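Let me begin by presenting the structure, written as structure tokens, before commenting on it.
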Number of protein chains: 2
Amino acid sequence: MCRLLTILSVLFSTAGVCQIQNQPDDNQWPMAAKNYASTRFSTLDQINTGNVNSLKLAFTFSTGLTRGHEAAPLVVNNTMYIVTPFPNLLYALDLTKPGAPSKWVYQPNPVPASQGVACCDVVNRGAAYYNGRIYYNTLDVQTVAVDAATGKEVWRTKLGDINLGETMTMAPIVAKGKVIVGNSGGELGVRGWVAGLDADSGKIAWRAYATGPDKDVLIGPNFKSFYPSDRGTDLGVKTWPGDAWKIGGGSGWTWISYDPQLDLIYYGTGNPGPWNADMRPGDNKWTCTIFARHPDTGEAVWAYQISPHDDQDYDAVNENVLLDLNIKGQNRKVLVHPDRAGRVYVIDRQTGEVLSAEPFAYVNTTEYVDLKTGLPKIVAAKSTGFKTVRDICPAAPGGKDWQPSAYSPKTGLLYIPHNNLCMEFQGVQANFIAGTPYVGANVKMYPGPGGNRGLFTAWDPVNAKPVWQVKEEFPAWSGAVVTAGDVVFYGTMDGWFKALDAHDGKTLWQFKTGSGVIGQPVVYKGPDGKEYVAVLAGVGGWAGAVVAGGLNTVDGTGALGFSNAMSDLGRHTTKGGMLYVFSLP
Amino acid sequence: MCRLLTILSVLFSTAGVCQIQNQPDDNQWPMAAKNYASTRFSTLDQINTGNVNSLKLAFTFSTGLTRGHEAAPLVVNNTMYIVTPFPNLLYALDLTKPGAPSKWVYQPNPVPASQGVACCDVVNRGAAYYNGRIYYNTLDVQTVAVDAATGKEVWRTKLGDINLGETMTMAPIVAKGKVIVGNSGGELGVRGWVAGLDADSGKIAWRAYATGPDKDVLIGPNFKSFYPSDRGTDLGVKTWPGDAWKIGGGSGWTWISYDPQLDLIYYGTGNPGPWNADMRPGDNKWTCTIFARHPDTGEAVWAYQISPHDDQDYDAVNENVLLDLNIKGQNRKVLVHPDRAGRVYVIDRQTGEVLSAEPFAYVNTTEYVDLKTGLPKIVAAKSTGFKTVRDICPAAPGGKDWQPSAYSPKTGLLYIPHNNLCMEFQGVQANFIAGTPYVGANVKMYPGPGGNRGLFTAWDPVNAKPVWQVKEEFPAWSGAVVTAGDVVFYGTMDGWFKALDAHDGKTLWQFKTGSGVIGQPVVYKGPDGKEYVAVLAGVGGWAGAVVAGGLNTVDGTGALGFSNAMSDLGRHTTKGGMLYVFSLP
């Protein structure tokens, strides 16, 4: 991987999407998003549109656990690494042997009480390989480094406190020798942060809070946002009432991308707390914001708040896919961000300028985004507070939630698994008690226009429009992957693992797994030279908590509003925790 | 099934193994053992020795549970029924729809405390279909009847008391309108029984204890055993010291066969309690005994005690396969019983006469079985008591435990999945406290001769000798099935599901499931006319309790002695609970 990172650096220094398809080490899958650019694109093409319908299951592996399985398996040096939901086991499977037997299992033994603090199932989204080690987070707010060959713990660092409502569920990346991680807990009144740990020692090198004074947010003299609304001193304090920023959320609970040439990491911050917007007048910076920072110091270079004073739980945490695109005749280094608010943002990743922000889902909360000011034109009737507002679209989990999209440089399309949900939102008083829910809203979700709760959309980021779209009965809550064979893979919550034609969305093949799929499919080349597609099945996560947690759905506001929308999920799938690995016969 | 039973009755009335292969409704799998004769033979031959290596996984289904999965799925009217380990869910899967979605799930909600009484994991071995209903047992000693179409409970009957150490794990059969069930708990000082319940109402029609006075054992004037040692009055009392018969075991925890022509059911009783044989001088009747009874009254017709005064936990509970064989020139109605003591008993099922009893496993506890007296020639040095005895073979789980064999009328061979284990046995004082272990022995098991802990043996019951044998690293703890395509299927505890050539044992195909296989494979024809093979993977049971129960294996006497022998199992498999269904492409 050390070598791989070097190669990636070289690639990025000569830059360009066209390079991504020539990435030489595509036999492996070293981080959840495949690469720093987060394309989830594999150059392997043995499995293609012509033969994918003869895919066959090569082997399976049971994690022994039945909560939501959202992680991406990693594949490095003919070993597959799997992180499970709580208790966050790390399995190493030997791909050189028949049936891929386990080489070892590392057990971090996170504090059981951490399960009680996790807002939305006890998921984990995966690990990162770097320099002979596997790095990942445990639910009880620790980052661990494990020797990739032996399974021995190298170090573990405690980063937060479950008694304050903090957990960790995101997949780290390792950039410039720093392991970049962030906390979860936006529904429990945490103060959000992202931190960089020294990869060798585990020592915390920096921590950048999402709220509070500039010194805590690591905003210094070099900070220069593109839009005036994102400039000013100590906005992380001034845009909040009183001390509300101290419990204001903005957690860094999902994806981090990295551009080695610009030496910048990109990530979005979570929703402000509580959801009831009347309890926190102001822009609530820097929640729902995309940050560009240097990975070694955490210093912020620019920020862009997508949803000032978020009314609907529209975290800005979704993935940022780093591409070099020709937009209106100009080559631009962009990040493509399919946001929870329902729009695909294409943003100049050097400056933070928004180049387009068109809806990929049904949106009635904003009319448009003013590219001159960067501000959304809010539909006032859909703003929340101490009242009941009906027919808010998208619902709290957004047009898309954590489920990561994939980009193919061959088709030029972004493949987005996402939601089609609306909600009724009743704002109520929230009282902060550390380590307990701090939401202030009773929410009921239901299907959006058309009645289907999910969509899978192929998006053209250059022309800012959809190319094709597939309807799904349930929210498409899994990740996506796309290959040079022009096949897109993703899974559904009722357990179908699907292969679509990347050009037109036609279903080429599907397989019924044992449990709903909310994992991230990955593609690799085995020691036998064959291409493999791997995915974890195991329903859960926020959308599947009704099944994974066995919730009674009589109260439709359960599972933070998902209970109503998913009350029938238990009739369509069962709990599970199983790896499926497919190849051609 | 009502129709099927009638057809079976007709078949049996004209009798003969040759009929079994012509059994007309082989598209289905209505009871765990396939049919009353317990052959586990399917006349389907679409999958054969020539094409089995192209088997492909058709679909999977997660039970959402991760304890040992020993059940046989049932297939009736294009619906598959799956009983899980505790909490004993019953799933109905619709085989007419893509991916076989769940139609309904029945939840009996057994008392959680029953898990604490189960000696050896919380398994369930399956259900029986009869006349529009599914019948099965719950761990907390209830038999339930469920409407096969709707999943609604029709009745439930409580048969025992977990506070006395009783549980139920066996798969019932329905014979002559009676649901025949039995209790588990031989390691907790229960008094064993088998009972017949009215299939319509659930009312207990009869209960036959394994110990106690003849009136409790349902021994009456028509009782006539073949051997003198099995004749006499109230032997269930007289062959015990004092009142020891009241807590003497002999539970009916596994298989029941039925011959409609003779109108007799056949089953074996479990070990006497406690294991320490010095604590119970005498023959300890009727433990370790095969009974022939009428299904409607329970009346005993004959009994044969295989292991009088059992020294080694050699329950006689293994399956009795009902065959009509030509033995030494005579057509005999026999039952073939591969016993825990390591010998295949071929017994005239009309009289109880033993025709042969040759070893299929390595045996050093008996020299031979005297066919004139029916008594085994005991090796005194291997008898247990208040002492330590080393190198006892087979070990407590026997040459074979519960794992059921299959018989092919085409090859004339019985396919036996079994163990190759020996043990050290230290007898200690056992004190009876109801609902707690009553064993009186510290046991450590280890691999038998050759070092392999498992074997799969093809046995010729006519000539009383093995034809071929396959070694397995772990005890072969799954059931077996054999088809008219001359393929034998079984699974291993490290997760391989295998297809062997029925003629020579050559491995034709194998697939790595996600968890160790201890389930019972079944074969059926789908609504699309294709032949399917289904099996549950999910390691556990007595042999796999170290993984399913997460036991510390430092104490080698844990899991009733299996801990030592299976200390490495956790490095070879993980917990799981998944249905795998295979077919040709």
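We name chains A, B, ... by the order of the sequence lines, and we start the count at 1 in each one. The figures here come from the full heavy-atom set of this structure, side chains too, leaving out hydrogens, waters and symmetry mates. Predicted model only: the values in this text are computed from it and were never measured.
- Atom-to-atom distance recorded for B:T66:OG1 and A:K575:NZ is 9.0 Å, nearest 0.5 angstrom.
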Please table the atom pairs, donor to acceptor, closer than 3.5 Å between any side-chain atom in residues 578-585 of chain B and protein atoms at least two apart or in another chain.
residue, atom, partner, partner atom, Å
B:Y580, OH, A:T60, OG1, 2.6
B:Y580, OH, B:G514, N, 2.8

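- Of the listed residues B:A537, B:A100, B:G99, B:G576, the one with more heavy-atom pairs under 4.5 angstrom with chain A than any other is B:G99.
- Only the backbone of B:A58 comes within contact range of chain A, with at least one heavy atom under 4.5 Å from a heavy atom of that chain.
- At a threshold of 4.5 Å between non-hydrogen side-chain atoms, the residues B:P98 and A:W496 count as touching.
- Within a 6.0 Å sphere centred on NZ of A:K512, other residues, nucleotides and ligands contribute more than 12 heavy atoms.
- A:K525 NZ: 12 or fewer foreign heavy atoms inside a 6.0 Å radius.
- Between B:F61 and A:T513 the shortest side-chain heavy-atom distance does not fall below 4.5 Å.
- Residues in residues 565-574 of chain B take part in these side chain to side chain donor-acceptor pair (under 3.5 Å) pairs, two or more places apart or across chains: B:R453-B:D568.
- If you measure heavy-atom distances from B:D94 to chain A, you find no contacts under 4.5 Å at all.
- Across every non-hydrogen atom of B:F511 and A:F59, the tightest pair is CZ-CA, 4.2 Å.
- At a 4.5 Å heavy-atom cutoff, B:L93 makes no contact with chain A through either its backbone or its side chain.
- Residue with the most contacts toward chain B among A:S62, A:S54, A:G64: A:S62 (heavy-atom pairs, distance under 4.5 Å).
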